[in-house]
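Down below is the structure, laid out as structure tokens.
First listed ligand is number 1; within each ligand, the first listed atom is number 1.
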Amino acid sequence: MDKIIGFIGCGNMAQAMIGGIVDSGLISSKNIYVSNPIVEQLDLVRSKYGVNITKDNREVAKVSDVLIIAVKPHICDQVIKEISHDLKDDVIFTSIAAGKTIKSLEESLGARKLKIIRTMPNTPVQVGEGMSVIANNDLVNEDDLKTIEELFGSFGRVEYLEEKFFDGATAVSGSSPACIYILIEALADSAVRAGIPRDKAYTMVAQTVKGTAEMVLETGIHPGELKDKVCSPGGTSIEAVAVLEKEGFRSAVISAIKASAQKSKELSENNN
Ligand SMILES: NC(=O)C1=CN([C@@H]2O[C@H](COP(=O)(O)OP(=O)(O)OC[C@H]3O[C@@H](n4cnc5c(N)ncnc54)[C@H](O)[C@@H]3O)[C@@H](O)[C@H]2O)C=CC1
Ligand SMILES: O=C(O)[C@@H]1CCC=N1
């Protein structure tokens, strides 16, 4: 892709996205610009990926065709005001901030009427297996959407979703990796308890989680049916399922995602 991609902010999520883009080969690292106040973080991405780095957000804003705001939601407004006059007229202005609505981004941009993409990716973008949910304002055209789809598609799957669903999407695809890592830790601890060496336990568990997810994606079979195929009558799996049901596993997950979506809603209310 022959575009300049800029990142304002170079923390966990920007680093994961940069890693995903560079590894995919879609964009040359010389076409990626990154700004951040912390020099150590900049040095890290430059040494790992060979991207252009600067402490000056405005420098990145000036050159970017797609500008990605990757700072914490509460400082978005301040950063956008700092760079708004430097942005190109046809920049695709993209935010990954949780709870930051398109309307509030438009307000922060003030007189600048720009193409805006609101997206919620997740950290697995780093290994090309991300999930990015995308919404846009009216100024974004078909070509822009193709650009965004190609960019975000370079490190995982992309789904367009009406913005009203973003609180749920933030919880389900943005935050849920945290829950899945806990599941992986718990399963690995159980393997260790059964005497399996810890390094082998993580490989066994992570591959099992990956394979299980692939079964859902590739076969399109309902997860309940896939679960039933695992559980032999009178066998081992149904014993594990019975304990999860007794301990309220499903209900704990549903409550966790509800709390996460509620927090996204609160962030929207407090940052708009
Ligand atoms: N971590 C995740 O899994 C996901 C995070 N997000 C969103 O991504 C955004 C960033 O999150 P993380 O990367 O997790 O946070 P982070 O704290 O790791 O990164 C934020 C970065 O912004 C930098 N920064 C602070 N002030 C700045 C300024 N004035 N100008 C430029 N850079 C500045 C910080 O030095 C830091 O490197 C948040 O809005 C979050 O809601 C979205 C999807 C997933
Ligand atoms: O925890 C957070 O606020 C960010 C947004 C989605 C995932 N991590």
Side-chain angles (χ1 to χ4, degrees), residues 6-21 33-46 48-49 51-62 64 67-84 86-87 93-102 104-105 108 116-127 129-135 152 155-159 161 163 165-182 256-272:
F7 285 87
I8 307 274
C10 184
N12 292 317
M13 199 56 214
Q15 289 178 34
M17 289 170 80
I18 292 164
I21 296 169
Y33 288 73
V34 186
S35 63
N36 198 86
I38 301 171
V39 177
E40 290 75 19
Q41 286 179 342
L42 290 173
D43 286 342
L44 181 76
V45 281
R46 181 170 57 186
K48 265 174 108 171
Y49 304 113
V51 296
N52 305 286
I53 56 167
T54 172
K55 284 178 80 176
D56 185 354
N57 293 337
R58 297 182 58 192
E59 215 179 290
V60 172
K62 279 176 194 156
S64 299
L67 192 275
I68 299 172
I69 299 285
V71 298
K72 291 287 184 200
H74 67 277
I75 62 162
C76 277
D77 193 44
Q78 158 205 330
V79 166
I80 295 169
K81 287 198 160 78
E82 177 193 349
I83 61 169
S84 66
D86 301 298
L87 292 160
F93 184 84
T94 305
S95 162
I96 65 167
K100 199 80 190 145
T101 62
I102 290 175
S104 77
L105 294 166
S108 302
I116 296 178
I117 296 284
R118 177 181 178 190
T119 177
M120 180 47 56
N122 60 19
T123 54
V125 297
Q126 183 172 337
V127 292
E129 292 291 349
M131 179 67 237
S132 303
V133 178
I134 290 179
F152 283 76
F155 47 57
R157 291 181 189 244
V158 173
E159 283 287 346
L161 208 59
E163 201 185 8
F165 298 122
F166 256 63
D167 292 327
T170 298
V172 169
S173 61
S175 294
S176 78
C179 304
I180 294 164
Y181 290 127
I182 291 175
I257 296 303
K258 186 178 174 194
S260 180
Q262 178 59 31
K263 183 68 184 185
S264 170
K265 188 163 178 277
E266 283 168 27
L267 286 175
S268 299
E269 286 159 4
N270 296 337
N271 286 305
N272 292 326

State, with a plain yes or no, whether a side-chain heavy atom of M13 is found less than 4.5 Å away from one of T123. yes

Give a yes or no on whether a salt bridge exists between D167 and K265, defined as a side-chain N under 4.0 angstrom from a carboxylate O. no

Ignoring hydrogens and angles, state whether a donor on the side chain of S35 or N57 is under 3.5 Å from an acceptor on the partner side chain. yes

Closest to atom 39 (O) of ligand 1 among protein heavy atoms sits V71 O, 2.7 Å

Can you find an N or O of Q41 that's nearer than 3.5 Å to an N or O of ligand 1? yes

Return yes when atom CD of E159 has more than 12 non-hydrogen atoms of other residues, nucleotides or ligands closer than 6.0 Å, and no otherwise. no

Can you list the ligand 1 atoms lying under 4.0 Å from a non-hydrogen atom of C10? 21 (C), 37 (O)

Per-atom filter on ligand 1: closer than 4.0 angstrom to a heavy atom of A97 are 39 (O), 41 (O)

Taking only heavy atoms of M120, which atoms of ligand 1 are found under 4.0 Å from at least one of them? 42 (C), 43 (C)

Where the side chain of E59 meets the backbone of T54, is there a donor-acceptor pair that is under 3.5 Å apart? no

So which protein heavy atom does atom 33 (C) of ligand 1 come closest to, and at what separation? P37 CD, 3.3 Å

For the NZ atom on K62, are there more than 12 heavy atoms of other groups (residues, nucleotides or ligands in this structure) within a distance under 6.0 Å? yes

Is a side-chain N or O of S268 found less than 3.5 angstrom from the main chain of G99, in a donor-acceptor match? yes

When you measure from atom 2 (C) of ligand 2 to the protein, is at least one non-hydrogen atom found at a distance under 4.0 Å? no

Without swapping roles, check the side chain of D77 against the backbone of S108 for a donor-acceptor pair under 3.5 Å. no

For S104, is there any backbone N or O sitting under 3.5 Å from a side-chain donor or acceptor partner on T101? yes

List the closest protein heavy-atom neighbour of atom 26 (N) of ligand 1: residue, atom name, distance to the nearest 0.1 Å. I75 CD1, 3.0 Å

Considering only protein heavy atoms, which is closest to atom 14 (O) of ligand 1, and at what distance to one decimal place? K72 NZ, 3.7 Å

Identify the closest protein heavy atom to atom 3 (O) of ligand 1: which residue and atom is it, and at what distance? T123 CG2, 3.4 Å

Give the residue, atom name and distance (to 0.1 Å) of the protein heavy atom nearest atom 7 (C) of ligand 1. I96 O, 3.2 Å

How far is atom 20 (C) of ligand 1 from its nearest protein heavy atom, and which residue and atom name does that atom have? A70 O, 3.7 Å

Atom indices of ligand 1, in the order listed, that fall short of 4.0 Å to a heavy atom of P121: 43 (C), 44 (C)

Taking the side chain from T119 and the backbone from V133, do they hold a donor-acceptor pair closer than 3.5 Å? yes

For the residue pair V125 and F152, establish whether any side-chain heavy-atom pair is separated by less than 4.5 Å. no

Kindly confirm or rule out an N or O of G11 lying under 3.5 angstrom from an N or O of ligand 1. yes

Taking only non-hydrogen atoms of G9 and a 4.0 Å limit, the atoms of ligand 1 in range are 22 (O), 31 (C), 32 (N)

Nearest protein heavy atom with distance in Å, relative to atom 7 (C) of ligand 2: G174 O, 3.3 Å

Considering only non-hydrogen protein atoms, determine which one is nearest to atom 6 (C) of ligand 2 and report residue, atom name and distance to 0.1 Å. S175 OG, 3.7 Å

Backbone N/O of S260 and side chain of S264: donor-acceptor pair under 3.5 Å: no

Check each atom of ligand 1 against the heavy atoms of A98 and keep those under 4.0 Å away; list them by number with element. 39 (O), 41 (O)

So which of T170, V60, N57, T119 gets nearest to atom 30 (N) of ligand 1, if we judge by its closest heavy atom? N57

Heavy-atom pair of closest approach, residues M120 and I96: CE-O, 3.5 Å

Measure the distance from atom 5 (C) of ligand 2 to every protein heavy atom, then report the residue, atom name and distance (to 0.1 Å) of the closest one. A98 CB, 3.8 Å

Using distance alone, determine whether E82 and ligand 1 share an N or O pair under 3.5 Å. no

Protein residue, atom and distance nearest to atom 18 (O) of ligand 1, heavy-atom basis: N12 N, 2.9 Å

